[in-house]
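Taking it in order: structure first as structure tokens, then the write-up.
Here is how names work: the chains are called A, B, and so on, in the same order as the sequence lines, proteins then strands, and each is numbered from 1.
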Amino acid sequence: MVEISTTVGRLKLQNPTMLASGILGDSGDSLLRVARSGAGAVVTKSIGREPREGNPSPSLVELEHGLLNGIGLANPGIDNYRAEVEVALQGDVPVIGSVFAEDVEFYGPLARTMEVYGVQALELNLSCPHAEGLEEIAGDADLISQVTAEVKSAVKVPVFVKLSPNVRDIALLAQAAEEAGGDGIIAINTVKAMSILPEVAKPVLGQTMGGLSGPAIKPVGVRCVYQIYEAVDIPLVGVGGVANGLDAVEYIMAGARAVQIGSGIHYRGLEVFEAVCREIEAFMEEHGYRRLEEMVGIAHE
Amino acid sequence: MVEISTTVGRLKLQNPTMLASGILGDSGDSLLRVARSGAGAVVTKSIGREPREGNPSPSLVELEHGLLNGIGLANPGIDNYRAEVEVALQGDVPVIGSVFAEDVEFYGPLARTMEVYGVQALELNLSCPHAEGLEEIAGDADLISQVTAEVKSAVKVPVFVKLSPNVRDIALLAQAAEEAGGDGIIAINTVKAMSILPEVAKPVLGQTMGGLSGPAIKPVGVRCVYQIYEAVDIPLVGVGGVANGLDAVEYIMAGARAVQIGSGIHYRGLEVFEAVCREIEAFMEEHGYRRLEEMVGIAHE
Amino acid sequence: MPTSRLHSVILDKVMEEASHTKSFSFREEFPVRPGQFIMVWIPGVEEVPMALSQLGPVKAITAKNVGSSTEALHKFKEGDRIGVRGPYGNSFDLSQEHYLVAAGGTGIASVIAASEALAEAGKKVVTVFGAKTKEDLILLERSRKYGEVFIATDDGSVGYHGVVSDLALKLMEDRRFDGVLACGPEKMLQTLEGICRQRDVEIQVSMERFMRCGIGLCGSCSLDHYLVCRDGPIFKGEQLVGLRDFGHYRRDRAGRRVPM
Amino acid sequence: MPTSRLHSVILDKVMEEASHTKSFSFREEFPVRPGQFIMVWIPGVEEVPMALSQLGPVKAITAKNVGSSTEALHKFKEGDRIGVRGPYGNSFDLSQEHYLVAAGGTGIASVIAASEALAEAGKKVVTVFGAKTKEDLILLERSRKYGEVFIATDDGSVGYHGVVSDLALKLMEDRRFDGVLACGPEKMLQTLEGICRQRDVEIQVSMERFMRCGIGLCGSCSLDHYLVCRDGPIFKGEQLVGLRDFGHYRRDRAGRRVPM
Ligand SMILES: Cc1cc2nc3c(=O)[nH]c(=O)nc-3n(C[C@H](O)[C@H](O)[C@H](O)COP(=O)(O)OP(=O)(O)OC[C@H]3O[C@@H](n4cnc5c(N)ncnc54)[C@H](O)[C@@H]3O)c2cc1C
Ligand SMILES: Cc1cc2nc3c(=O)[nH]c(=O)nc-3n(C[C@H](O)[C@H](O)[C@H](O)COP(=O)(O)OP(=O)(O)OC[C@H]3O[C@@H](n4cnc5c(N)ncnc54)[C@H](O)[C@@H]3O)c2cc1C
Ligand SMILES: Cc1cc2nc3c(=O)[nH]c(=O)nc-3n(C[C@H](O)[C@H](O)[C@H](O)COP(=O)(O)O)c2cc1C
Ligand SMILES: Cc1cc2nc3c(=O)[nH]c(=O)nc-3n(C[C@H](O)[C@H](O)[C@H](O)COP(=O)(O)O)c2cc1C
Ligand code: FES
Ligand code: FES
């Protein structure tokens, strides 16, 4: 028997799979369902100060090698979200509250409210490529450090910082988050992208540009995790294109202690969490690993 | 009959497909063969001052949704390259000389030598994600502007600047190139990425990190071209994941006046140039376009 | 599944069905089952889920002009291109013999393909169709090809004067149906579900929720723990019993749970 | 083609063939034709092209320890994993009846699968095999299973004292072959090509060039306008006539054309 439980700092997970933010995460019922499908933790939709309707549709389309979304952080707003967290908490796995704001100063209060709602950790979305305001924070080490520090002083639960790949040097930004007290790094958010439908000569997304997720971005995510692992000591969570156990192992060997799954649900259904766990176990058994931890970062050796 | 000839500034092309730099480009014979396979122009391998052996292998592997390469700009060096250009020129299509250097000051002389060898245009590679030195230039508007200006004052043929997607704001860098006198922008180079083979717990590329090309990056390339088109007036050439006529049309509608093809050769063989041209024509006929120009940038309307 | 990705189709015919309702047909072969829907993109405007009201080699959607997207769609002509992706969602279980099909308004678009499939399989279909007024009656001729049709209008301008669920109840008191298929306003569905539960008749309803992705990812279409786009749009009565949202709440574009 | 992507295989057996040469076998089913090669990754070291010297359900490569990669490979044991991708390249045309197979050194690894295929098809194979000295003779037993074998050594320690091309010429003077298959040092191939041209016998040679990608993209393996990895590694004599590079130039790692 192999052991796939893991820890991300103070957060203990029965298995290394988490639901990625923004997928099915606006309703507590859906989060609960994902938890019961076998995810080791669930991350909420990124919640902001006010309800937000998001971008015009189409806002999520399937491309040949991934998904393209321009949802634009549609969310019910923090005040309407208490009930959802309460339902999600019935799932008996950690609920991680994701928050975003257009202004640095709003992160602290949002995070504090999430903590009050009962989440076991926070994820700071500093990285959505198709929501105004956020792109600026995403590439700026000073702003990242400021946000992280403010949230750290506002809450007691672990604070994870989610980074964007649409930057020149992601490792530098991870260092900024670490120095400001961040308890972990989540990488990556979607890759800025777009698609045009030639027959109608128009961009496909209502908002023109959006974020690419799914299999196409896995090599980018693995590269980011690998780079960040060499730059910081805090734990990492890999995200981007995980759909099977080997994808997860790739991230883990690059340095991640857990992975998040978003688009993978499209490719394999909600069973993806269970399936990925079984596939990681099978891999470990075949290759003589006993604890997941033994694999973390070994591609660096 | 539809008309697919096009121009990129002063450069006239019988058709909008070009061979991308670094694919088959170290030998004049190969460039000639590509020209005879139907490419509208060919770009040489990026040539530097000295012969360069490149990175340890594996340096090009096929991933599920693209190719990952860490060739590391292996090239015979400018002094050994005259004969290759001379052979390539027999192809009766424009030969575009790509050059790179680790230091800004070397671009001018390299470009001048290429011009003497007879190339009809220059491409400045400011963007290889897996060669030391170049990554710095790739993300820095000042350096890009400096390189462009120096090359412009050294040569008379058109100077195209090839940009990297691994930056925060590619449009800003395109503007820097335009302001410094650049005659066109080529976008994009490969997306920084890596892959790990779980069974051996090691990065696949000898150099660990490399560049992702092929279908996976098309949505990123289209996005970059679209953004650059809104920021500059000089002509654009799209590159990244073009393997069929619709891919090319997508880039053209985003704002490109021509496309380059690299990985597409893997998926469809050297016939890809001919095939893409025929598919563009078929598309134009079906949708009532008569000249390629009518499609350039129309997704912005 | 190549057709499931967004692509364009050329409108083959645009047919006026009623004062504010049109059907738009296009030729495309893809496997689809009665009850499934597609996402329809009106280029330059928005994308909305639509039932396929016709399933053969020529497919059709039937849309009522009620808001921005449908208004834009109504300006489209034969030869224009719309974007489509799908088909998505589950479909009606048509394994019984004798069905009552109950539709309210454009809801008929979601069930008529099922009526057609039943009729083609030689099964018995009775349709009860409700609308505000005579002018809103659509797809009547087609419905009649598949079996008896009973009409209810809110204003009594034709047929039964009252709501469709009352008319359905009357029919169910007279005859025995093995199953009911329903689509329409959620209050109507709720009433029908109650009637069927009481009478122990299996009911399947086609539900509507605001949808963004249509493929079970964005969460916009949640109905309690269900995703209407993926677990539905067809639900059996027993799945809906005890839900907090059914008949009471929907999610708006921001994901807020709001009363209907 | 799932197997064509880089993946790992477990070494099934490591066999000492001669003082500096070993064969490494692994179990994997994939379609492959005689003459094709794979890219072999020695994890942590480098990747090199290698002929498949055995093509059944158990595949094998045969490598001489001549440099950094092969030295590292020689340290690998049964149960270790190497990375492989392929098979790549074209293959021998074996449509004639009576073949002379001429191999120099480890070149035998590139042609022995062809000998086996010919023997299995009931065709006649004669092998001439050249090496520096007795200790360098490899895969002899297997070769003998497929037909007569003649040996040449540079030092005369066994067989004919001289180069393999001379021995081949002698054989061709005695007997009539429909075709020659050859692999070995390029000078040997060049000589054989000349002999065959003169005698009007079809020759196919397996060429070697420095390779990076193996799939026709990087250009490292150019031989005039040919890409050895994709247009080859097997070339007919007529394709090589008139090439500037054949027998004279190769490309180094930097892509420089350097004399052999
Ligand atoms: C699975 C599924 C299948 C559907 N099938 C069809 C179909 O076959 N035909 C069809 O016309 N619509 C169908 N719809 C509804 C459709 O997706 C749109 O919501 C509707 O057409 C209105 O879009 P709009 O952008 O024009 O209106 P909006 O601008 O979004 O709304 C305008 C106003 O109309 C109201 N409204 C929204 N939908 C309806 C409705 N269906 N009937 C009456 N009022 C409404 C809104 O509450 C709002 O007040 C379906 C929805 C789902 C989820
Ligand atoms: C299509 C193809 C098939 C091949 N099949 C085989 C095979 O079946 N078995 C095999 O052993 N090799 C084969 N090779 C050659 C192989 O790819 C390597 O080049 C060789 O094994 C040396 O690798 P290395 O890194 O150990 O040596 P390096 O460190 O690259 O070279 C060390 C020295 O050996 C010389 N050298 C390189 N290759 C050879 C050679 N083949 N014989 C003698 N000296 C050489 C070099 O010039 C250099 O001086 C093949 C090559 C190609 C292109
Ligand atoms: C539909 C959709 C909505 C998303 N919304 C959010 C969000 O609200 N906050 C966030 O941090 N990331 C969001 N993301 C990014 C994902 O959390 C994840 O980083 C990305 O999709 C890559 O993972 P994947 O390839 O497994 O999908 C969203 C992604 C998708 C596809
Ligand atoms: C094997 C390989 C080598 C490359 N070498 C170069 C190079 O020398 N100079 C350069 O500017 N781009 C180089 N590139 C990038 C390509 O020119 C092109 O920008 C990229 O591959 C995206 O296009 P594609 O998807 O059509 O391959 C190389 C790409 C590959 C795959
Ligand atoms: S519409 Fe996105 S989950 Fe249903
Ligand atoms: S090895 Fe790359 S082209 Fe042949």
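You'll find the ring centres of C/Phe24 and C/Phe76 outside the 6.0 Å limit.
In terms of non-hydrogen atom pairs under 4.5 Å with chain A, the most contact-rich of C/Asp252, C/Val45, C/Ile215 is C/Ile215. In terms of heavy-atom pairs under 4.5 angstrom with chain C, the leader among A/Val61, A/Val200, A/Leu270, A/Leu67 is A/Val200. Contact tally against chain A (heavy-atom pairs below 4.5 Å) for C/Val48, C/Asp231, C/Asp80: the top residue is C/Asp231. Counting heavy-atom pairs under 4.5 Å between each of A/Gly77, A/Ala201, A/Pro56, A/Gly25 and chain C puts A/Pro56 at the top. Chain C forms the most heavy-atom pairs under 4.5 Å with one residue out of A/Leu24, A/Asp26, A/Ile23, and that residue is A/Leu24. Your options are C/Arg251, C/Met39, C/Arg244, C/Arg230, and the one with the most heavy-atom pairs under 4.5 Å with chain A is C/Arg251.
With respect to C/Arg257 and A/Asp29, no salt bridge is recorded, no charged nitrogen being found less than 4.0 Å from a carboxylate O. At a threshold of 4.0 Å, the pair C/Glu186-C/Arg250 does not count as salt-bridged, since none of the basic side-chain nitrogens sits closer than that to a carboxylate oxygen.
Contacts between C/Ile82 and chain A at a heavy-atom distance below 4.5 Å are absent for every atom of the residue. Interface remark: C/Asp245 contributes no atoms to any contact with chain A (heavy atom separation under 4.5 Å). The part of C/Ser222 that comes within reach of chain A is its side chain, from C-beta onward, which places non-hydrogen atoms under 4.5 angstrom from that chain. With a 4.5 Å cut-off on non-hydrogen atoms, A/Glu84 touches chain C through its side chain but not through its backbone. Only the side chain of A/Leu197 comes within contact range of chain C, with heavy atoms under 4.5 Å apart. For A/Pro198, no part sits under 4.5 Å from any heavy atom of chain C, backbone or side chain.
Enclosure of atom CD in A/Glu279 by more than 12 non-hydrogen atoms of other residues, nucleotides or ligands within 6.0 angstrom is indicated.
A cation-pi contact, defined as under 6.0 Å to the ring centre and within 45° of the axis, links C/Lys59 to C/Phe30.
The side-chain hydrogen bond (donor to acceptor under 3.5 Å, both in side chains) with A/Ser46 is formed by just one residue from the set A/Asn75, A/Asn189, A/Asn125; it is A/Asn125. None of A/Val34, A/Val42, A/Ile261, A/Val237 except one satisfies the side chain to side chain contact (heavy atoms under 4.5 Å, CB included) rule with A/Met18; the exception is A/Val237.
Minimum heavy-atom separation, A/Pro203 to A/Met194: CB-CE, 3.7 Å.
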